[in-house]
Amino acid sequence: MPDDRPLIYARHLVKRYGSAVAVDGIDLNVGRGQAFGFLGPNGAGKSTTMRMIGCVSRPSDGELSVLGLDTATQGPAIRARLGVVPQEDTLDTEITLFENLVIYARYFGIKYKVAKERARELLDFVKLSDRADVKVEELSGGMKRRLTIARALVNEPDIIMLDEPTTGLDPQARHLVWERLFRLKQRGITIILTTHYMDEAEQLCDRLVIMDAGRIAAEGSPRELIDAHVTREVVELRFEGRHTDELSDIADKLDGIDAQVEALPDRILLYANDGDAAMSEVHGRAITPSSLLARRATLEDVFLRLTGRSLIE
Ligand code: ADP
């Protein structure tokens with residue numbers, strides 16, 4: 001296989017469960033050292049795609065290679081070079097952090113002495129050295145997540161794959177995880193992650209695909225996606241106590257202003273290059289929302305524009 005082939009390469013990748021299609025013919029190209037994200041709502045097909053890349057689920061159709069190896073025939077060789085952080089922590093809670101890492105390293109056939117050294121280094125990397133000899137059951141959710149990341153690094157993988165890495169964590173714990181993942185990226189490790197949080201995708205991903213109903217709705221860097229699909233600014237109008245129908249009527253009154261108008265069940269969005277000017281136009285039409293604010297466009301807006309739905313429903 002030629003060396004210039006991307007680290008992860010998929011063409012018309014499909015996964016069916018009976019008559020249901022979980023992944024519906026996607027193409028992927030992930031380069032070495034990238035942080036690559038799958039962003040989409042629940043059920044979009046993100047985890048299914050990850051499982052196929054991780055060689056624990058077989059594609060129903062299409063082509064998929066990872067690290068230049070064919071997933072259909074070289075699963076064990078690929079898996080040996082991946083680090084996997086599953087959605088649910090699967091740590092052994094009754095033994096210490098240090099023991100968790102050493103035992104996991106031993107599964108990879110790493111010698112005991114090397115395993116111990118690596119466990120120490122990795123605990124240091126995820127800032128858990130001071131808890132090396134504590135049982136895992138005593139850790140907070142964020143600490144468990146960092147330990148799971150350390151465990152995924154035990155075999156010195158080329159690619160680390162994380163399924164919803166910060167779901168369920170509080171903001172401070174999320175930032176700590178993001179910061180460690182950023183360090184990994186700096187070390188040249190390729191990061192693949194799924195998320196339904198647009199801020200996580202914006203923070204971490206060099207490139208991402210937006211998935212919806214098993215397909216790729218759009219692909220690019222966060223900046224490129226925003227530039228291609230939405231305006232620079234978004235004005236949000238909220239109307240307390242108004243029904244969806246009333247919001248549509250209000251949206252009609254905004255016809256012809258210098259912005260694209262989108263009426264949602266709970267608010268109206270104006271996609272505008274100049275948020276202040278759009279706000280003046282709202283005032284000019286004698287519309288008085290209970291709140292009116294202009295903000296920067298986000299990936300959430302991109303998703304909404306592409307699918308007509310919110311990422312988290
Ligand atoms: P996401 O990770 O984006 O939330 P998933 O990949 O988990 O989405 O699921 C995509 C679709 O495939 C969903 O409709 C889900 O119900 C279905 N699915 C996932 N795994 C299985 C399975 N083992 N058997 C049957 N259907 C599945």
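Sequence positions, counted from 1, serve as the residue numbers for this chain. Just so you know, ligand 1 is whichever comes first in the structure, and atom 1 is the first atom listed for that ligand.
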Can you tell me which residue and heavy atom of the protein come closest to atom 12 (O) of ligand 1, and the distance to 0.1 Å?
-> Ala22 CB, 3.1 Å
Is the closest basic N to carboxylate O distance between Asp199 and Arg174 below 4.0 Å?
-> yes
What's the shortest distance from atom 7 (O) of ligand 1 to any protein heavy atom, and which residue and atom give it?
-> Ser47 CB, 3.8 Å
Which heavy atom of the protein is the closest neighbour of atom 9 (O) of ligand 1, given with residue, atom name and distance?
-> Thr48 OG1, 3.8 Å
Considering the heavy atoms of Ala44, write down every atom of ligand 1 situated less than 4.0 Å from one of them.
-> 1 (P), 3 (O), 8 (O)
Report yes or no: is the cationic atom of Arg120 (NZ for Lys, CZ for Arg) closer than 6.0 Å to the six-membered ring centre of Phe125, at no more than 45° off its axis?
-> no
Going by the order shown, which atoms of ligand 1 are within less than 4.0 Å of some heavy atom of Pro41?
-> 3 (O)
May I ask you to establish whether Arg305 and Tyr271 are in a cation-pi arrangement, using a distance under 6.0 Å from NZ or CZ to the six-membered ring centre and at most 45° from the ring axis?
-> yes
Quick one: does Thr194 get a heavy atom under 4.0 Å from ligand 1?
-> no
Counting heavy atoms under 4.0 Å, the part of Ala20 that contacts ligand 1 is neither
Are Arg151 and Tyr104 in a cation-pi contact, defined as NZ or CZ under 6.0 Å from the six-membered ring centre and within 45° of the axis?
-> yes
If you count the non-hydrogen atoms of other residues, nucleotides and ligands that lie under 6.0 Å from CZ in Phe108, is the total more than 12?
-> yes
Atom 19 (C) of ligand 1 sits nearest the protein heavy atom Tyr17 CE1, 3.6 Å
Just let me know how Lys15 lines up against ligand 1, side chain, backbone, both or neither, with a heavy-atom cut-off below 4.0 Å.
-> neither
For ligand 1, is Gly214 a contact, meaning one of its heavy atoms is under 4.0 Å away?
-> no
In plain terms, say whether Asp61 and Lys15 are close enough for a salt bridge, that is, a side-chain N and a carboxylate O under 4.0 Å apart.
-> no
What is the closest protein heavy atom to atom 8 (O) of ligand 1, and at what distance does it sit?
-> Gly45 N, 3.1 Å
Flag: protein heavy atom within less than 4.0 Å of atom 15 (C) of ligand 1 = no
Considering only non-hydrogen protein atoms, determine which one is nearest to atom 4 (O) of ligand 1 and report residue, atom name and distance to 0.1 Å.
-> Gly43 N, 2.7 Å
Contacting atoms of ligand 1, where contact means under 4.0 angstrom from a heavy atom of Arg51 = 20 (N)
Quick check: are there more than 12 heavy atoms from other residues, nucleotides or ligands sitting under 6.0 Å from NZ of Lys185?
-> yes
